[in-house]
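Take a look at the following structure, please.
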Amino acid sequence: MKKLKHSILLFLIMMIFWILFTSTDIQELIIGVITSLIIVSMMNKLQPVLGDVKLNPKSIIYSIIYIFVFLKELIKSNVDVALRVINPKLPINPGIVKVKTKLKSPLGRAILANSITLTPGTLTVEMKEEYFYIHWIDVTSENIEGATKSIVSNFEKYLEVIFG
Amino acid sequence: MANIIYNIAGMISLVAIVLTFIRMILGPTVADRAVALDGMTIIAISLIVFIAYSFNRIIYLDVAIVYALISFVGIVAIARYLERGI
Amino acid sequence: MELTGAIITLIGSLFLFLGALGIFRMPDVYNRMQAGTKATTLGTILFLFGISIGHLECGCFGKISILILFVIFTNPVSSNALARASHYVGIKLTDKTVKDDLKKDNIENKGEKI
């Protein structure tokens, strides 16, 4: 069941990329379907990472909300970094802190780590099972709970619904 | 009017490439140079797309996509090499 | 429409410039990586988007969106790999650093390699 879902999602993603690359001409579509089927059948021995995605209406709505939350954080982080760089005194207060995540699926953890890297003042340095080590440009709380609350929990509540 | 603004944007990106290049020459460690190289390739991708549109050669967009792929693989290879040798 | 695209491109190039300035000014590898990753990602997205909506008539929005998606997904991954490698080699953090949990944990369980 998990493998079937993984294969269908992989096929859909590859078809979307093929259409973006070429066009919706009928000959090119046939070539794309054949190529995608061959690649999916070659890939079915790997770990089914896409099988963790839940496909119900609530998770789809949450993923659309997640994209907007992510874009908002991305713009905020850029303005933050720009202000720090322009300032002649260079106001930084860096350190590496440890946070804990509740997510179980590997794909969810990877997306969480990427989102942390692109949000204000944080950069994922190392992942060990459920602990992330994060380089923080302006350390405000030094224990695990405070850092988890201010870095991770903003994204986690959406990713928990999407990946379970 | 719009053309002038596009050209100014291209010039600002060129200045950005020069800044990262200075860091690549100065950088005290190998990791500094790799970070500067990473930034340089990403700015270079934007410049390739800019050139593709301003010279009206749309085929250069494929060059930009391949360059993005190769720069990603190159940076990951440098990181692997730093970590424990390839 | 063309003017809107030009202004978005100009803002994107300003972000690219600030990212490069951050790479130039920051004191150590990790802070350089912060500026380099974030500012260049949004700068590239805005630059490519502005150019593509300024020249709508050529109809190659698909390739530009592939490029934007590719930059969003690969840029954090490569900087994460680089940060991990430079901490593994033991490149020092700057003097302003407040704390370093990863080093402490590595010293505590020294037997197992990360």
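Fair warning: this is a prediction, and the values are worked out from it, not measured in the lab. Per chain, numbering begins at 1; letters A, B, ... match sequence-line order.
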Next on the checklist: Could you tell me if the side chain of A:Leu74 sits less than 4.5 Å from the side chain of C:Lys38, heavy atoms only?
Outcome noted: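 Side chain of C:Lys38 against side chain of A:Leu74, heavy atoms only: no contact under 4.5 Å found.
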Checklist entry - So which part of C:Ile45 gets closer than 4.5 Å to some heavy atom of chain A, the side chain, the backbone, both or neither? => result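 C:Ile45 touches chain A through side-chain heavy atoms alone.
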Next on the checklist: What's the separation between atom OG1 in C:Thr40 and atom CG in A:Asn78, rounded to the nearest 0.5 Å?
Outcome noted: 8.5 Å
Next on the checklist: Checking side-chain polar atoms at under 3.5 Å, does C:His87 have a donor or acceptor matched by the opposite partner on A:Glu126?
Outcome noted: no
Next on the checklist: Can you tell me which of C:Leu14, C:Leu21, C:Leu42 forms the most heavy-atom pairs within a distance under 4.5 Å of chain A?
Outcome noted: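 Maximum pair count with chain A is reached by C:Leu42.
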Checklist entry - Just wondering, do A:Thr117 and C:Gln34 contact through their side chains at under 4.5 Å, heavy atoms? => result no
Checklist entry - Does any non-hydrogen side-chain atom of C:Phe61 lie less than 4.5 Å from one of A:Leu20? => result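 Not touching, per the 4.5 Å side-chain cut-off.
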Next on the checklist: Let me confirm one number: the CG-CD1 distance from C:Leu18 to A:Ile86, rounded to the nearest 0.5 Å.
Outcome noted: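 Output value for this atom pair is 5.0 Å.
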Next on the checklist: Donor-acceptor check, side chain of C:Arg84 to backbone of A:Thr124, threshold 3.5 angstrom: yes or no?
Outcome noted: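 Absent.
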Checklist entry - Is C:Phe49 atom CZ crowded by more than 12 heavy atoms from other residues, nucleotides or ligands, each under 6.0 Å away? => result no
Item to check | OG on C:Ser79 to CG on A:Asn114, rounded to 0.5 Å | outcome: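 Answer for the CG-OG pair, A:Asn114 versus C:Ser79, is 8.5 Å.
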Checklist entry - At a heavy-atom separation under 4.5 Å, does A:Thr119 approach chain C through its side chain, its backbone, both, or neither? => result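 For A:Thr119, the backbone is the part near chain C, not the side chain.
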Checklist entry - Where does C:Tyr30 contact chain A at under 4.5 Å (heavy atoms): side chain, backbone, both or neither? => result both
Item to check | Leading residue by heavy atom contact count with chain C [cutoff under 4.5 Å; candidates A:Val81, A:Thr122, A:Val79, A:Thr22] | outcome: A:Thr122
